[in-house]
Structures are given as C-alpha cells and as structure tokens.
A.B. asks: 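Attaching a single structure in structure tokens format; questions to follow.
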Amino acid sequence: MLKEYKKAYYIIMLMNGTLNTHLKEIPETTHTRIEQIINELKAKNNLTEDMKNTDMLYLVNTMNSIKNQAEEVIYI
C-alpha cells in the first residue's frame, strides 16, 4: 500500500535504505497494538485467570470475541 498510495514516501525510504526496516516494524507494531487492545478489553470485561476454573466456556467465548474485535480495529 505504501508503494501504491504514498509513492514519494516509498521512494525516499527506498533510496535512504530505511524501507526494509520500516516493513519489518509493521508486524511487530501491529502485534503489540493488538495485545494492548486485548488487555484493555479483558480489563473492561472483568476477565480474570480464576475464570479458567469457574466458567471456562464463558471465558473462551469472550476471549474469542475480544480477539476478533482487536483484530478488526487494527486490520480494517
């Protein structure tokens, strides 16, 4: 997308030799941000480790929903 929508920025980065570094940072930043969002949503929904022993099905369903929400925020 960078090459397509920000062509000048892409060319500058390519010529400076910073393009590969930038491209390597994107997945790392994305993963970090998804983890932050998941932790925020877990706290908001009052999910705890104790739920593994008391209400596993609720925990799994809620965690799947939280993960999907976090990925939707980042990827869309």
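Along the sequence shown, residues are numbered consecutively beginning with 1.
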A.B. asks: Check the pair Leu14, Tyr9 against side chain to side chain contact (heavy atoms under 4.5 Å, CB included), reporting the backbone distance first and the verdict last.
C.D. replies: CA-CA 9 Å; Leu14 184 63; Tyr9 190 61; over 6 Å; no

A.B. asks: In Å, rounded to the nearest 0.5 Å, how long is the span from OH of Tyr75 to CD1 of Ile34?
C.D. replies: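 With rounding to 0.5 Å, OH (Tyr75) is 3.5 Å from CD1 (Ile34).
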
A.B. asks: For Ile38 and Ala70, work out which heavy atoms get closest and say how close.
C.D. replies: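 Answer, listing the atom of Ile38 first, then Ala70: CG1-CB, 3.8 Å.
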
A.B. asks: Test Leu41 against every option in Leu47, Ile66, Thr62 by the side chain to side chain contact (heavy atoms under 4.5 Å, CB included) rule and name the one that passes.
C.D. replies: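 Of the listed options, the one satisfying the test is Ile66.
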
A.B. asks: Leu23 and Ile74: same hydrophobic cluster, using ILVMFWY side-chain contacts below 4.5 Å?
C.D. replies: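 Leu23 does not cluster with Ile74.
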
A.B. asks: If I take atom CE from residue Met56 and atom CG from residue Asn61, how far apart are they, to the nearest 0.5 angstrom?
C.D. replies: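 Interatomic distance, Met56 CE to Asn61 CG, rounded to 0.5 Å: 11.0 Å.
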
A.B. asks: Shortest non-hydrogen contact from Leu59 to Lys52?
C.D. replies: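 Looking at all heavy atoms of both residues, the shortest contact is CD2-CG, 3.6 Å.
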
A.B. asks: Looking at side-chain heavy atoms only, is the closest gap between Gln69 and Ile37 below 4.5 Å?
C.D. replies: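 Contact flag for Gln69/Ile37 side chains = no.
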
A.B. asks: If I take atom NZ from residue Lys3 and atom CE from residue Met13, how far apart are they, to the nearest 0.5 angstrom?
C.D. replies: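 Output value for this atom pair is 14.0 Å.
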
A.B. asks: Considering only residues two or more places apart or on different chains, which pairs with a residue in residues 15-34 satisfy side-chain hydrogen bond (donor to acceptor under 3.5 Å, both in side chains)?
C.D. replies: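 Every pair satisfying side-chain hydrogen bond (donor to acceptor under 3.5 Å, both in side chains) with a residue in residues 15-34: Arg33-Gln36.
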
A.B. asks: So, Glu40 and Lys44, do they make that salt bridge, N to O below 4.0 Å?
C.D. replies: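 Salt bridge absent between Glu40 and Lys44.
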
A.B. asks: How close do Leu2 and Tyr10 get, counting heavy atoms only, and between which atoms?
C.D. replies: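 That closest heavy-atom pairing would be O-CB, 3.9 Å.
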
A.B. asks: Do the side chain of Asp55 and the main chain of Met51 share a donor and acceptor less than 3.5 angstrom apart?
C.D. replies: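 Looks like no, no N/O pair under 3.5 Å.
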
A.B. asks: Under a single-linkage definition using a 4.5 Å side-chain heavy-atom cutoff for Ile, Leu, Val, Met, Phe, Trp and Tyr, are Ile12 and Leu19 assigned to the same hydrophobic cluster?
C.D. replies: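 No, no single cluster joins them.
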
